[in-house]
> 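Before anything else, here's the structure in question.
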Amino acid sequence: MAGSAIKPTPLLKDELDIVIPTIRNLDFLEMWRPFFEQYHLIIVQDGDPSKTIKVPDGFDYELYNRNDINRILGPKASCISFKDSACRCFGYMVSKKKYIYTIDDDCFVAKNPSGEQINALEQHIKNLLSPSTPYFFNTLYDPYREGADFVRGYPFSLREGAATAVSHGLWLNIPDYDAPTQLVKPLERNKRYVDAVLTVPKGTLFPMCGMNLAFNRELIGPAMYFGLMGDGQPIGRYDDMWAGWCMKVICDHMGWGVKTGLPYIWHSKASNPFVNLKKEYRGIYWQEDLIPFFQAAVLPKECVTVQQCYIELAKQVKEKLGKVDPYFIKLADAMVTWIEAWDGLNSSEEKSSKQPNGTAK
Ligand SMILES: O=c1ccn([C@@H]2O[C@H](COP(=O)(O)OP(=O)(O)O[C@H]3O[C@@H](CO)[C@H](O)[C@H]3O)[C@@H](O)[C@H]2O)c(=O)[nH]1
Ligand SMILES: [Mn+2]
């Protein structure tokens with residue numbers, strides 16, 4: 001009798017953590033079970049810490065609520081947002097793995113045009129493990145993909161590519177629109193599946209969405225601070241945008257690549273556009289000053305680590321954006337606190353190969 005088929009070990013099984021910010025039970029994991037069950041989860045429970053979050057059986061996880069964050073970081077916990085999905089960055093900080101995948105709990109497995117279920121995590125891993133092409137655009141998209149290559153005229157000196165720091169996935173069904181767009185197009189659904197992965201060119205910023213995102217934590221982890229949002233803050237739903245702008249300036253400086261495109265997830269829940277408008281509206285006009293700031297940001301060559309780049313960026317934020325609004329002075333200070341907290345938990349002598357035992361903390 002044929003032996004039972006041996007399941008292949010999932011890619012990066014012991015080198016990747018899945019970080020989920022949540023205020024709800026995690027039933028959505030049932031749909032992801034075939035793709036996620038072999039990976040370790042880091043659940044960041046936002047909101048009321050006395051609430052119990054139900055995690056389906058069979059998953060290996062550690063769960064942190066606000067009491068845990070305060071206990072672990074002490075006063076430095078002030079840099080971790082409360083009552084906003086930005087809290088997820090705490091999961092990046094406590095992880096000990098080389099890679100991170102973060103996903104929202106209203107994101108489900110999507111199907112490709114052939115009707116096959118998409119293993120979004122596997123595609124992100126492929127994106128992260130293959131080089132990027134930030135210096136010269138390949139018109140046949142990802143040249144490292146099966147069945148594609150560099151096109152004629154692509155310099156051979158650039159074909160080795162750059163290390164990939166971030167893989168930014170997309171969404172079918174509810175697209176990540178801002179509130180004004182949601183308000184004018186309440187019924188719009190994204191039905192377009194584009195079978196492509198692109199490198200965001202060097203010197204180009206983009207709006208990074210946090211709901212289906214993977215990154216090389218060892219490369220760019222310290223820059224993936226999801227900015228101060230939610231409770232007590234004048235702005236919301238710009239946490240991932242802030243991280244994306246800081247991250248891209250640093251990746252450009254360090255010579256790393258950022259990809260966007262596949263994989264798709266199925267985003268099921270449209271959050272309330274009126275609530276979103278209240279959270280976003282300051283960001284909608286502030287960003288007209290923020291984008292030129294990041295586009296013009298220059299990091300000195302003496303900045304050779306991500307931490308040094310990030311501290312330098314925080315200094316420039318304080319100097320140049322503090323005049324836009326005092327919030328950016330607070331945010332710049334929080335950026336420094338984030339690095340201090342990150343280094344406190346991840347300094348080399350503390351780095352251990354021991355993995356969490358999967359029980360809730
Ligand atoms: O106070 C909160 C609210 C939510 N969460 C968790 O964060 C994610 C996203 O929440 P939700 O899906 O309700 O929000 P959206 O408006 O659809 O997504 C926006 O949030 C950005 C971050 O993902 C995304 O880029 C935007 O489109 C869920 O897991 C909630 O459980 C929270 O932790 N705290
Ligand atoms: Mn959502």
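Indexing begins at 1, ligand by ligand and atom by atom, following the structure's order.
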> When you measure from atom 19 (C) of ligand 1 to every protein heavy atom, which one gives the shortest distance, and what is it?
Arg237 NH1, 3.2 Å

> Would you check if Ile103 and Phe28 make a side-chain contact, meaning some heavy-atom pair closer than 4.5 Å?
yes

> Suppose we measure from atom 30 (C) of ligand 1 to each protein heavy atom; which comes out shortest, and what is that distance?
Arg24 NH1, 3.6 Å

> Would you mind telling me if ligand 1 is within reach of the side chain of Asp46, the backbone, both or neither, using heavy atoms under 4.0 Å?
side chain

> Determine whether Phe215 and Met224 make a side-chain contact, defined as any pair of heavy atoms from C-beta on separated by less than 4.5 Å.
yes

> Within a distance under 4.0 Å of any heavy atom of Ile23, pick out the atoms of ligand 1 and give their elements.
2 (C), 3 (C), 4 (C), 31 (O), 32 (C), 34 (N)

> Measure the distances from the heavy atoms of Gln45 to every atom of ligand 1 and state whether one is below 4.0 angstrom.
no

> So for ligand 1, is Asp239 a polar contact partner (N or O within less than 3.5 Å, distance only)?
no

> Of the protein's non-hydrogen atoms, which lies at the shortest distance from atom 1 (O) of ligand 1, and what is that distance?
Lys83 C, 3.1 Å

> Flag the pair Tyr225 / Trp342 as yes when their ring centroid distance falls below 6.0 Å, and as no otherwise.
no

> Kindly confirm or rule out an N or O of Pro21 lying under 3.5 angstrom from an N or O of ligand 1.
yes

> Can you confirm if the aromatic rings of His168 and Phe206 lie within a centre distance of less than 6.0 Å?
yes

> So, Phe150 versus Tyr144, ring centres under 6.0 angstrom or not?
yes

> Please state whether the separation between the Mn ion (ligand 2) and some N/O/S atom of Asp104 is under 2.8 Å?
no

> Can you report which non-hydrogen protein atom sits closest to atom 15 (P) of ligand 1, along with the distance?
Ser271 OG, 3.5 Å

> Does the ring center of Trp32 lie less than 6.0 Å from the ring center of Phe108?
no

> Indicate yes or no: at least one non-hydrogen side-chain atom of Cys107 is less than 4.5 angstrom from one of Trp266.
no

> Could you tell me, atom by atom, which parts of ligand 1 come under 4.0 Å of a heavy atom of Asp106?
12 (O), 17 (O)

> Taking backbone and side chain together, does His267 place any N/O/S atom at a distance below 2.8 Å from the Mn ion (ligand 2)?
yes

> Which residue and atom name correspond to the protein heavy atom nearest atom 31 (O) of ligand 1, and how close is it?
Asp105 OD2, 2.6 Å

> Just jot down the ligand 1 atoms closer than 4.0 angstrom to any heavy atom of Lys269, in number order.
13 (O), 17 (O)

> Out of Val44, Asp176, Thr22, Thr102, whose heavy atom is nearest to atom 27 (O) of ligand 1?
Asp176

> Would you say the side chains of His40 and Asp60 form a donor-acceptor pair under 3.5 Å?
yes

> Are Phe36 and Phe59 close enough that their ring centres sit under 6.0 Å apart?
no

> Salt bridge between Arg237 and Glu280, side-chain N to carboxylate O under 4.0 Å?
yes

> Checking a contact table here: which protein heavy atom is nearest atom 7 (O) of ligand 1, and how many Å away?
Ser85 CB, 3.0 Å

> For ligand 1, which atoms sit closer than 4.0 Å to a heavy atom of Arg88?
22 (C), 23 (O)

> Restricting to N, O or S atoms, which atom of Asp106 is closest to the Mn ion (ligand 2)?
OD2

> Select the closest option to atom 23 (O) of ligand 1 among Ile53, Asp104, Leu26, judged by heavy-atom distance.
Asp104

> Quick one: are Ser78 and Thr337 in side-chain contact, heavy atoms under 4.5 Å?
yes

> Report, in ascending order of atom number, the atoms of ligand 1 lying under 4.0 Å from any heavy atom of Gly210.
25 (O)

> Which heavy atom of the protein is the closest neighbour of atom 25 (O) of ligand 1, given with residue, atom name and distance?
Asp240 OD2, 2.7 Å

> According to the interplanar angle, ranging from 0 to 90°, do the rings of Tyr238 and Trp245 count as parallel (below 30°), tilted (30 to 60°) or perpendicular (above 60°)?
tilted

> Taking NZ in Lys111 as the centre, count heavy atoms belonging to other residues, nucleotides or ligands within less than 6.0 Å. Is the count above 12?
no

> Would you mind listing which atoms of ligand 1 come within a distance below 4.0 Å of any non-hydrogen atom of Cys209?
25 (O)

> Is Lys318 salt-bridged to Asp333, cutoff N-O under 4.0 Å?
yes

> If hydrogens are left out, which of Met208, Glu280, His267 has an atom nearest to atom 17 (O) of ligand 1, that is, the closest non-hydrogen atom?
His267

